[in-house]
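First the proteins, then the strands, lettered A, B, ... as listed; each starts at 1. As the structure is a prediction and not an experimental result, all values here were calculated from the model.
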Number of protein chains: 2
Amino acid sequence: MAATLRDVAKLAGVSFKTVSNVINDYPHVRPATREKVERAIAELGYKPNMSARSLRSGRTDTIALAVPELNLSYFAELAGLIIAAAEEKGLVTLVEQTGGDRERELALLHSPRLSMTDGLIISPLGMGQQDTEALDVPFPLVLLGERTFDWPCDHVTMRNEDAARAATEYLISSGRRRIAVIGENEAEIMGSARLRLRGYREALATQGIEYDERLVVRATLWHRADGARAMRELLERGVEFDAVFGFNDTLALGAMRVLQEAGLRVPEDVAVLGFDDLDEAAYSIPSLTTVDPGREWLARTAVDTLFERIGRGGAELPPRTKLADFRIIERESAPRD
Amino acid sequence: MAATLRDVAKLAGVSFKTVSNVINDYPHVRPATREKVERAIAELGYKPNMSARSLRSGRTDTIALAVPELNLSYFAELAGLIIAAAEEKGLVTLVEQTGGDRERELALLHSPRLSMTDGLIISPLGMGQQDTEALDVPFPLVLLGERTFDWPCDHVTMRNEDAARAATEYLISSGRRRIAVIGENEAEIMGSARLRLRGYREALATQGIEYDERLVVRATLWHRADGARAMRELLERGVEFDAVFGFNDTLALGAMRVLQEAGLRVPEDVAVLGFDDLDEAAYSIPSLTTVDPGREWLARTAVDTLFERIGRGGAELPPRTKLADFRIIERESAPRD
DNA sequence: CCAGTGGTTTGCATCGTTGTAGGATGACCC
DNA sequence: GGGTCATCCTACAACGATGCAAACCACTGG
């Protein structure tokens, strides 16, 4: 069927190894020979067989990316950035969706499928500290998006806790006192939910505001519908509040929608603040004040970090943790004061 | 390093071929032998080497998916559905972003990278009829999302034209007469833009409404910001209009945002109708009336179609075109009357 | 007791590439 | 003219799996 090195070699009148040398830019090839070979390659439309190359060389130039769901805008935008960053390094990306499910995350780490890749970037949701051992894998691995415990691999993470504290303080400094949060999820041991909640509580404590758990609404998934549902629940509880901190933009936008349906004005009656700085946060009505967690930096750094480890000597590097800078993007839903 | 068939075989005391037979569920293996082998596999943590398997068997159990950008919610949601559908069939998915760029789309079709996959699902934007030949490729290919010309491969497409006509008629029947459209793009020869515009014009013609090109606003990319920009342009033109048909939801949402900033009420002053039925369309304020193009069906059908062609005999199947059903989802931004 | 049968296991070639080591060629110098 | 040394090219052996065909092993029946 498809042409192989040998076919090209026969046509060019050289040994098939010389063709291989041409393809791999081996320096000692006479220009005349190189040209002859290149003509033959063009004529036959020869393309190297990647499986054979991988088998022989051990490199696949492919990485795997595991995210909960592409349906979640945050992960979709992140995946897009990672795929682009990988491509710049000559890597293609294989995308897996774990649904944030611990079993599937663990299964993925042991999947034979990974032998088709040079390494994995995973954004885990379900795994907890008890799974530390599972991360001791024989291939390059970068953990993404969580400030975790002392795990034996590279992390590229955001300042969840600091950012949540800063966001809460921002709301407080703009005069809000009864700040609800949406997105709490104690099941997710290591996840952002816990860390963001902690940041929120720290800010309250620092500012001498009492923590009221009636203002905390759970949301295990962070779709827009979950934000809407959570806000309805909050309204039903009948607690007073003058601000809502959504643990991500999607939740915040869903919640904002319900607030407005209920006749509450944003930001006059209730300020709303999100987390992620999604594309759409700038275009909601009102536009959403949010935390930019440095997503682009995260994506690029994750790929760079993985790439270093894939290269030779990579296995010897000590585990590294890299933290993105965040900033609060002020928009209409929660003005500075 | 990693264990191979031979290591397992030595430990189990059988030939390495027997181990292969166990792994591939070859029927004639004595239960006792099978168990012995399985124990050895477990003990060594053996995982088959996918590159070697692919090289030998010619199958990779991997498909490639090419979309313009994951940053566009429509394609992110579509990609998520396709990856899930592929996984159900035991396939993993490699994702490429073309940026809707013709050169990159064409380059992809010739990429040696594809020899790592069993087939490609591509959602082209930049390619036109002049590229028909480029689609005559030696591997399974499914074209997605456009009603194209007579191309020599499978299409799975939506009824762009019919749906746009129905959407426009919907607006007309609700009493609107000056219907603006956002998203026109004549550069994209074969794309949805052209087809949706055609459907729009047909509806106008049928209903005896004159086509006014001042109501047509261009948008080459379909991000939210483009919708916003287009709406600003429309407002500056000073033409009257009582409805806006965005060629996708993202455009419509961006436009709606600008409308409201300008003090126009949706739907009282201007009705807004989108296309795609994104998750977020249900949660905007007001919620967005839109066309559901049958995305889930599209994703599943694309994978099924590719899968059939990957299987043996697939090359002999004639090119097929499959059309998804659409429906109009009535929401607040454009009530039925 | 041996040929025939069917289940079970094995040996060998092979997929298309790259790595290693060494052979051929010609230029250059003493 | 022979030795040395780049430069260029080639031969051969892997990489780890699967497909094919043949070998092996009970059994059975004549």
Original post:
For B:P124, which of B:L109, B:L108, B:L143 qualifies under side chain to side chain contact (heavy atoms under 4.5 Å, CB included)?
Top reply: B:L143
Original post:
Are B:S57 and D:dT18 close enough that a side-chain N or O sits under 4.0 Å from OP1 or OP2?
Top reply: no
Original post:
Once you round it to whole Å, what is the distance between P of C:dG16 and CZ of A:R59?
Top reply: 23 Å
Original post:
Between the base of C:dG19 and the side chain of A:K17, is there a donor-acceptor distance below 3.5 Å?
Top reply: yes
Original post:
Would a 4.5 Å heavy-atom cut-off, applied to side chains only, mark B:V37 and B:I41 as touching?
Top reply: yes
**OP:** Flag yes if more than 12 heavy atoms outside B:K36 fall under 6.0 Å of its NZ atom; otherwise flag no.
**Re:** yes
Subject >> Toward the 5' end of DNA chain C, by each residue's nearest nucleotide, A:R6 or B:T33 >> reply: B:T33
Subject >> Sugar-phosphate only, base, or nothing, as touched by A:T4 at under 4.0 Å among non-hydrogen atoms >> reply: sugar-phosphate
**OP:** Let me know, please, whether A:N21 or B:A52 comes out on the 5' side of the other along DNA chain C by nearest nucleotide.
**Re:** B:A52
Original post:
Within the pair B:R30 and C:dT9, is there a side-chain N or O less than 4.0 Å away from OP1 or OP2?
Top reply: yes
**OP:** Give a yes or no on whether a salt bridge exists between A:R300 and A:E88, defined as a side-chain N under 4.0 angstrom from a carboxylate O.
**Re:** yes
Original post:
Starting at OH of B:Y26 and ending at P of C:dG7, how long is that distance when rounded to a whole Å?
Top reply: 10 Å
**OP:** Using a 4.0 Å heavy-atom cut-off across all strands, classify B:S54 as base, sugar-phosphate, or nothing.
**Re:** nothing
Original post:
Is there a donor N/O on one and an acceptor N/O on the other, under 3.5 Å, for the side chain of B:R56 and the base of D:dT18?
Top reply: yes
**OP:** Can you tell me the distance, in whole Å, between the CD1 atom of B:I23 and the P atom of D:dG16?
**Re:** 14 Å
Original post:
Distance check: side-chain N/O of B:S15 vs OP1/OP2 of C:dT9, anything under 4.0 Å?
Top reply: no
**OP:** Might you confirm whether atom CD of A:E308 has over 12 heavy atoms from other residues, nucleotides or ligands at distances under 6.0 Å?
**Re:** yes
**OP:** Would you kindly give the NZ-to-C1' distance between B:K36 and C:dT10, to the nearest whole Å?
**Re:** 13 Å
Original post:
C:dT17 P sits how many Å from A:D61 CG, rounded?
Top reply: 15 Å
Original post:
Does A:N24 put a side-chain nitrogen or oxygen below 4.0 Å from OP1 or OP2 of C:dT18?
Top reply: yes
Original post:
Should A:T305 and A:K322 be marked as a side-chain hydrogen bond (donor to acceptor under 3.5 Å, both in side chains) after you check the CA-CA gap, both sets of side-chain angles, and the distance that decides it?
Top reply: CA-CA 9 Å; A:T305 306; A:K322 305 186 182 179; 3.2 Å; yes
Original post:
Are A:R113 and B:E87 within salt-bridge range, i.e. N to O under 4.0 Å?
Top reply: no
Subject >> d(CE, A:M116; P, D:dA17) in whole Å >> reply: 15 Å
Subject >> Spacing of A:M50 atom CE relative to D:dG16 atom C1', expressed in whole Å >> reply: 19 Å
Original post:
Hey, what bend do you get for the helix from C:dC1-D:dG30 to C:dC30-D:dG1 if you fit axes on five pairs at each end, rounded to 10°?
Top reply: 60°
Original post:
Can you tell me if the side-chain N/O atoms of B:T18 get under 4.0 Å from OP1 or OP2 in C:dT9?
Top reply: no
Original post:
Which of the following nucleotides, C:dT18, C:dG7, C:dG16, is nearest to the side chain of A:R53?
Top reply: C:dT18
**OP:** Give the C-alpha distance, both sets of side-chain angles, the deciding distance and a yes or no for side chain to side chain contact (heavy atoms under 4.5 Å, CB included) between B:T4 and B:N49.
**Re:** CA-CA 8 Å; B:T4 74; B:N49 179 312; over 6 Å; no
Original post:
Counting any heavy atom closer than 4.0 Å, what does B:Y46 reach on the DNA or RNA strands: base, sugar-phosphate only, or nothing?
Top reply: sugar-phosphate
**OP:** Could you tell me the separation between the CZ atom of B:F16 and the P atom of C:dC12, rounded to a whole number of Å?
**Re:** 10 Å
